[in-house]
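Every heavy atom of this structure was used, including side-chain atoms; hydrogens, water molecules and symmetry mates were not.
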Amino acid sequence: HVQKSGVGSGAGSTSEKSPDAYLKEHFIYIRDKITSSILYPHAARKMGWCGQVKIAFIVCEDGGVNDLRVVESSGFGLLDRNAVDTVKKVAPFPRPPVKAEIRMAITYQLK
């Protein structure tokens, strides 16, 4: 379960070159690529840890990731690191015309 908690910022004189246009077109794909690659850490599952990690990162013009950070911790370092490591693992993403910031929440929930 992932929720969009914000979109990017930046300059661009035309809508085609704006981060907002890029995010509108690619956010769901990027979010789904990340969330489908999340593997619940075994130790966290065993301990019954769950929570939501809010992360942010910049998608660079080459599709790579920069300035990847936890904006709001789940309260468990293992879950926070897992979210960050997953983003690193699944990059690169579609190339934006200008740098675009992605903000998203990743929820770890035992079922």
Minimum heavy-atom separation for [X] to [Y], with atom names?
X      : Y     : value
Ser74  : Gly51 : CB-C, 4.2 Å
Gly63  : Arg95 : N-CG, 3.9 Å
Leu110 : Cys50 : N-CB, 4.4 Å
Val53  : Ala83 : CG1-CB, 4.1 Å
Lys33  : Pro92 : NZ-O, 3.1 Å
Pro97  : Glu61 : O-CG, 4.0 Å

At what distance, to the nearest 0.5 angstrom, does [atom1] of [X] lie from [atom2] of [Y]?
X      : Y     : atom1 : atom2 : result
Lys99  : Tyr22 : NZ    : OH    : 13.5 Å
Ile102 : Leu23 : CD1   : CG    : 4.5 Å
Asp80  : Glu72 : CG    : CD    : 10.0 Å
Asp62  : Cys60 : CG    : SG    : 5.5 Å
Ser37  : Asp32 : OG    : CG    : 10.0 Å
Ile28  : Thr35 : CD1   : OG1   : 11.0 Å

(request) Return the set of residues passing salt bridge (Lys or Arg N to Asp or Glu O under 4.0 Å) with Arg45 (not counting sequence neighbours), or none when no residue passes. (result)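 If we apply the salt bridge (Lys or Arg N to Asp or Glu O under 4.0 Å) test to Arg45, skipping adjacent residues, there are no hits.
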(request) Only counting residues at least two apart or in another chain, list the ones meeting ring pair (Phe, Tyr, Trp, His ring centres under 6.0 Å) with Tyr29. (result)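 Scan of Tyr29 (ring pair (Phe, Tyr, Trp, His ring centres under 6.0 Å), adjacent residues dropped) gives none.
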Would you say [X] and [Y] make side-chain contact, with heavy atoms under 4.5 Å?
X     : Y     : answer
Ile30 : Pro94 : yes
Asn82 : Thr86 : yes
Gln52 : Lys54 : yes
Ile34 : Phe93 : yes
Met47 : Leu78 : no

(request) Look at the rings of Tyr108 and Tyr40 and say which category their plane angle falls in: under 30° parallel, 30 to 60° tilted, over 60° perpendicular. (result)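 If you compare the ring of Tyr108 with that of Tyr40, the planes turn out perpendicular.
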(message) Hydrophobic cluster membership, with links at side-chain heavy-atom distances under 4.5 Å among I/L/V/M/F/W/Y: are Val90 and Ile58 in one?
(response)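 Result: no, two separate clusters.
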(message) With side chain to side chain contact (heavy atoms under 4.5 Å, CB included) as the criterion, how do His26 and Val59 come out once you've worked through the C-alpha distance, each side chain's angles and the decisive distance to 0.1 Å?
(response) CA-CA 11 Å; His26 297 289; Val59 180; over 6 Å; no
(request) Might you confirm whether atom NZ of Lys89 has over 12 heavy atoms from other residues, nucleotides or ligands at distances under 6.0 Å? (result)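 Yes, because the 6.0 Å sphere around NZ of Lys89 holds more than 12 heavy atoms from other groups.
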